[in-house]
Structure formats: structure tokens, C-alpha cells
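Take a look at the structure set out below.
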Amino acid sequence: MGKIRKVIYPGTFDPITNGHLDVIGRAAELFDEVIVALATNSTKTPLFTEAERMELCKESIKAAFPSDGHVKVDSFSGLLVDYAISHGAIAVIRGLRVLSDFEYEFQMALMNRKLEEITTVFLMPNEKYTYLNSTIVRELAKYGKDVSGFVPDCVSKKLKEKFKK
Ligand code: COA
């Protein structure tokens, strides 16, 4: 048997959205193992704690890919390339939604390749998610809007709880 083709899908996931799940599904069709890797040292100040983000990722992945043992959830701190290399990953997955994503992603992909010769694979989520990001979801939820069409059920429930307080 050949080597397992493992890839890393990193992000802040504050919270995970249907757009992220769409990218994970596409990656899972192409590779043997997808590790959804939650960055704990993100430069962002998250709404959800690391434990909450992790739990929401695990729960929504279990619901979206019920019998699929080859999507795993993990967390990492430090540099993404170090994490990817130490886990024997062949590539990093990133989603590209709109042109404005490109500059940041291009810089990150080239820097990661410079650091460790790691390849970045860009996948395009379904176009219905192009306008989606976690900031918009958090903001809508904060003002009491229903976000159930944009995020998994467990996330929409957790957002409601968070903003009720
Ligand atoms: N659907 C919906 N939203 C999506 C999406 C998709 N398919 N893909 C990305 N997004 C959104 C995210 O929700 C997020 O929204 P937000 O900014 O409003 O919160 C935004 O697009 C981008 O976030 P994400 O994909 O989670 O990436 P990130 O920019 O938060 O994460 C890391 C970046 C963690 C991968 C990067 O900072 C990293 O590697 N850090 C580790 C340290 C390191 O190695 N640094 C050197 C880098 S060269």
C-alpha cells in the first residue's frame, strides 16, 4: 500500500461555517486524511474559546461526515509549517472564495513554501458561500439574526447561547 496522503486544513474557526465544511468535504474526496487544525495562537481575538471552537469543529464534522473516519480535528500553536511537517502532511489546504482572499493567501502560501517546501492547495467552496466569513456570522448572531443557513446546527445554537448572556 502507498503512503497515506494527509493534508492539513488550518484556520481560526471562530466559528466553523458551512463554507469551511464545504472545503473539508472537497479535500476529503481528494486525499486520504484531512486534519482540520485549529490555530490556538491566531493573531485574532476569538469570540469562542479554544475548547469551544474545538468542540464545535468536532461536532459539526461528525454530523456532516457521519461515517467518515478520515477527517480529524486537532489544534496547533506555533508555525503551521512545523505542524504540517511533524505530521507528515503532503500539503496545506486553503479555501479561495473571492479575489480579495488572494493577496493574503498568496503571501502565506509562498512564505510557507519558502520555510519548508510545503505545497498549498487552494479549493473553491460552492459559490453560495463566497460572501460568508466567521466575522459576518458573529455579527449577525450578535444582533439576533438567524444564522442557521450559514453554519452547522451546533454552531447556531451556541451562538444563540453566547449572545443571550
Ligand atoms: N467559508 C467561509 N468562510 C471562510 C472560508 C470558507 N470556505 N474560508 C475562510 N473563511 C473565512 C474565515 O471564517 C475567516 O473569517 P474571519 O476573518 O471573519 O474570522 C477568514 O475567512 C479567514 O480565516 P481562516 O480560513 O480561518 O484562516 P485564518 O486567516 O483565520 O487562519 C492561519 C490563518 C491560522 C492558517 C494562519 O494565521 C497560520 O498559519 N497561523 C499559524 C502561524 C504561522 O504559521 N504563521 C506564518 C504564516 S506564513
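Counting starts at 1 for both ligands and their atoms, following the listed order.
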(message) Could you check whether Asp146 and Ser148, counting side-chain N and O atoms only, form a donor-acceptor pair closer than 3.5 Å?
(response) yes

(request) Would you mind reporting whether Thr17 and Tyr129 have side-chain heavy atoms less than 4.5 Å apart? (result) no

(message) Protein heavy atoms near atom 39 (O) of ligand 1, is at least one of them under 4.0 angstrom away?
(response) yes

(request) Please report which non-hydrogen protein atom sits nearest to atom 11 (C) of ligand 1, along with the residue it belongs to and the distance in Å to one decimal place. (result) Arg97 NH1, 3.4 Å

(request) Looking only at distances, please establish whether an N/O atom of ligand 1 is found under 3.5 Å from an N/O atom of Asn41. (result) no

(request) Could you tell me the residue and atom name of the protein heavy atom closest to atom 12 (C) of ligand 1, and the distance to it rounded to 0.1 Å? (result) His20 NE2, 3.6 Å

(request) Report the member of Gly19, Ala84, Pro46, Pro10 with the shortest heavy-atom distance to atom 6 (C) of ligand 1. (result) Gly19

(request) From atom 42 (C) of ligand 1, work out which of Gly78, Ala39, Pro125 has a heavy atom at the shortest distance. (result) Gly78

(request) Could you state whether Leu30 and Met124 fall into the same hydrophobic cluster, counting links through intermediate Ile, Leu, Val, Met, Phe, Trp or Tyr residues with side-chain heavy atoms under 4.5 angstrom apart? (result) no

(request) To the nearest 0.5 angstrom, please state how far the CZ atom of Arg97 sits from the CZ atom of Phe122. (result) 12.0 Å

(message) Please classify the Leu80 to ligand 1 contact at 4.0 Å (heavy-atom distances, strictly less than): side chain, backbone, both or neither.
(response) both

(request) Among all protein heavy atoms, pick out the one at the shortest distance from atom 45 (N) of ligand 1; state its residue, atom name and that distance to 0.1 Å. (result) Leu79 CD2, 3.8 Å

(request) Would you mind running through ligand 1 and noting each atom that sits below 4.0 Å from a heavy atom of Thr17? (result) 1 (N), 2 (C), 3 (N)

(message) I need the atoms of ligand 1 closer than 4.0 Å to a non-hydrogen atom of Asn112, numbered in the order shown.
(response) 48 (S)

(request) Taking all non-hydrogen atoms of both residues into account, name the closest pair between Ala84 and Val92 and its distance. (result) CB-CG2, 4.5 Å

(message) Using a 3.5 Å cut-off on N or O atoms only, is Tyr129 in polar contact with ligand 1?
(response) no

(request) Using atom types as modelled and distance alone, determine if a side-chain donor or acceptor of His70 lies under 3.5 Å from a backbone N or O of Val34. (result) no

(request) Within a distance under 4.0 Å of any heavy atom of Met111, pick out the atoms of ligand 1 and give their elements. (result) 48 (S)

(request) Can you figure out which of Arg94, Met124, Lys44 has its heavy atom closest to atom 20 (C) of ligand 1? (result) Lys44

(request) Just need the protein heavy atom nearest to atom 18 (O) of ligand 1, so name the residue and atom and give the distance. (result) Thr135 OG1, 2.3 Å

(message) Check contact between Tyr83 and ligand 1, using heavy atoms of the residue and a distance below 4.0 angstrom.
(response) no

(request) Can you pull out the closest protein heavy atom to atom 29 (O) of ligand 1? Residue, atom name and distance to 0.1 Å, please. (result) Tyr104 OH, 3.1 Å

(request) State whether the side chain of Arg53 and the backbone N or O of Phe48 hold a donor-acceptor pair below 3.5 Å, judged by distance alone. (result) yes

(request) Please confirm whether Gly95 comes under 4.0 Å of ligand 1, counting heavy atoms of the residue only. (result) no

(request) Would you mind running through ligand 1 and noting each atom that sits below 4.0 Å from a heavy atom of Met108? (result) 36 (C), 47 (C), 48 (S)

(message) Can you confirm whether more than 12 heavy atoms, excluding those of Phe106, are under 6.0 Å from its CZ atom?
(response) no

(message) Could you measure the distance from the CG atom of Asp74 to the CD1 atom of Ile8? Nearest 0.5 Å is fine.
(response) 8.0 Å

(request) For Val23, take its heavy atoms, then give the atoms of ligand 1 lying under 4.0 Å from any of them. (result) 7 (N)

(message) Tell me the nearest of Ile8, Thr12, Ile136 to atom 31 (O) of ligand 1, using heavy-atom distances.
(response) Thr12

(request) Keeping the roles fixed (side chain from Lys6, backbone from Ile90), state whether a donor-acceptor pair exists under 3.5 Å. (result) no

(request) Give the residue, atom name and distance (to 0.1 Å) of the protein heavy atom nearest atom 13 (O) of ligand 1. (result) Ser134 OG, 2.6 Å

(message) Whether the side chain of Glu105 engages the backbone of Phe102 through a donor-acceptor N/O pair (distance < 3.5 Å, no angle test) should be reported.
(response) no

(message) In the structure I gave you, are the side-chain heavy atoms of Lys158 and Leu56 within less than 4.5 Å of one another anywhere?
(response) yes

(request) Check whether any side-chain heavy atom of His20 sits under 4.5 Å from a side-chain heavy atom of Phe13, and report yes or no. (result) yes

(request) Return yes when Gln107 approaches ligand 1 closer than 4.0 angstrom through a heavy atom, no otherwise. (result) no

